[in-house]
Amino acid sequence: DAKTTQPNSMESNEEEPVHLPCNHSTISGTDYIHWYRQLPSQGPEYVIHGLTSNVNNRMASLAIAEDRKSSTLILHRATLRDAAVYYCILLMDSNYQLIWGAGTKLIIKP
Amino acid sequence: DGGITQSPKYLFRKEGQNVTLSCEQNLNHDAMYWYRQDPGQGLRLIYYSQIVNDFQKGDIAEGYSVSREKKESFPLTVTSAQKNPTAFYLCASSIRTGVDRKETQYFGPGTRLLVL
């Protein structure tokens with residue numbers, strides 16, 4: 001199965017941009033890249049997803065490399081409420097299942 | 001409001017006991033999922049169901065059972081065969097478009113299962 005690789009943790013200062021990287025070197029041509037985040041003791045929530053082009057929504061931006069082997073989630077202005085574990089996940093086209101990695105714990109310093 | 005509810009929030013199981021975790025959704029979603037999460041780890045898929053009266057095993061189905069008699073409900077039973085059941089259990093659903101494959105999943109608040 002295709003897998004994703006993320007740093008275990010990252011720190012950022014409040015009100016600064018945050019770039020969360022993800023490697024997915026075995027991605028196939030039709031697998032979607034999804035990002036979710038999880039606050040402590042809560043269920044994950046959807047952040048953003050994309051296939052080939054960069055994507056923007058009210059929560060974040062997703063930059064996808066031209067070869068699709070990596071992507072970056074961008075939080076333009078981090079707040080303390082953005083402190084969470086961020087998961088980069090592939091939606092396998094073959095079986096519509098999400099393959100979850102261990103995620104990146106984002107720490108926001110005031 | 002539409003959403004997914006899980007109950008109870010905390011559940012205690014004695015050795016050799018079966019326990020059932022509830023998951024209900026009023027989003028009119030076709031697909032439902034059960035995940036297990038251990039401390040500091042990502043989610044692992046236990047079972048999923050794409051339609052009523054049908055479900056498939058995920059990566060770690062041993063020691064668990066499910067049913068899908070109604071579209072809104074997908075209960076998970078943790079049987080005595082599951083030797084290490086202590087974990088955070090998450091239920092999710094998705095609209096299952098099948099066409100654009102967005103497959104965004106919506107999660108419930110989770111049930112924390114502890115073994116006495």
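For the numbers below, each heavy atom of this structure counts, side chains included, while hydrogens, waters and symmetry mates do not. Here is how names work: the chains are called A, B, and so on, in the same order as the sequence lines, proteins then strands, and each is numbered from 1.
A 6.0 Å sphere centred on CD1 of Ile51(B) holds no more than 12 heavy atoms belonging to other residues, nucleotides or ligands. For Lys105(A), the NZ atom sits in a loose shell: 12 or fewer heavy atoms of surrounding residues, nucleotides or ligands are nearer than 6.0 Å. Around the CD atom of Glu62(B), the shell of radius 6.0 Å holds no more than 12 heavy atoms that belong to other residues, nucleotides or ligands. The number of heavy atoms from other shown groups lying within 6.0 Å of NZ (Lys57(B)) does not exceed 12. The number of heavy atoms from other shown groups lying within 6.0 Å of CG (Asn84(B)) is above 12.
Tyr46(A) and Tyr32(A) fall within a single hydrophobic cluster, where Ile, Leu, Val, Met, Phe, Trp and Tyr are joined by side-chain heavy atoms under 4.5 Å apart, directly or via other members. Taken together through direct or relayed side-chain contacts under 4.5 Å among Ile, Leu, Val, Met, Phe, Trp and Tyr, Leu113(B) and Leu45(B) form parts of separate hydrophobic clusters. Residues Ile4(B) and Leu21(B) do not share a hydrophobic cluster, clusters being chains of Ile/Leu/Val/Met/Phe/Trp/Tyr side chains in contact below 4.5 Å.
Interatomic distance, Phe88(B) CZ to Gln42(A) CD, rounded to the nearest 0.5 Å: 8.5 Å. To the nearest 0.5 Å, atoms OG (Ser41(A)) and NZ (Lys9(B)) are separated by 7.5 Å.
For Tyr35(B), the part sitting under 4.5 Å from any heavy atom of chain A is the side chain, from C-beta outward, and nothing else. For Arg44(B), no part sits under 4.5 Å from any heavy atom of chain A, backbone or side chain. For chain A, no part of Gln56(B) is nearby; none of its heavy atoms comes within less than 4.5 Å. With a threshold of 4.5 angstrom between heavy atoms, Leu43(B) approaches chain A through its backbone and through its side chain.
Listed here is the closest heavy atom pair of Thr104(B) and His34(A): N-CE1, 4.5 Å. Shown here for Tyr87(A) and Gln41(B), the closest heavy-atom pair between the two residues is OH-O, 3.5 Å. When all heavy atoms of Pro44(A) and Leu90(B) are compared, the closest pair comes out as CD-CD1, 3.8 Å.
Side-chain atoms of Tyr36(A) come within 3.5 Å of backbone N or O of Gln105(B) as a donor-acceptor pair.
Taking the six-membered ring where the residue is Trp, the centroids of Phe107(B) and Trp100(A) are separated by under 6.0 Å.
Annotation: maximal heavy-atom pairing with chain A below 4.5 Å, among Pro109(B), Gly40(B), Cys91(B), occurs at Pro109(B).
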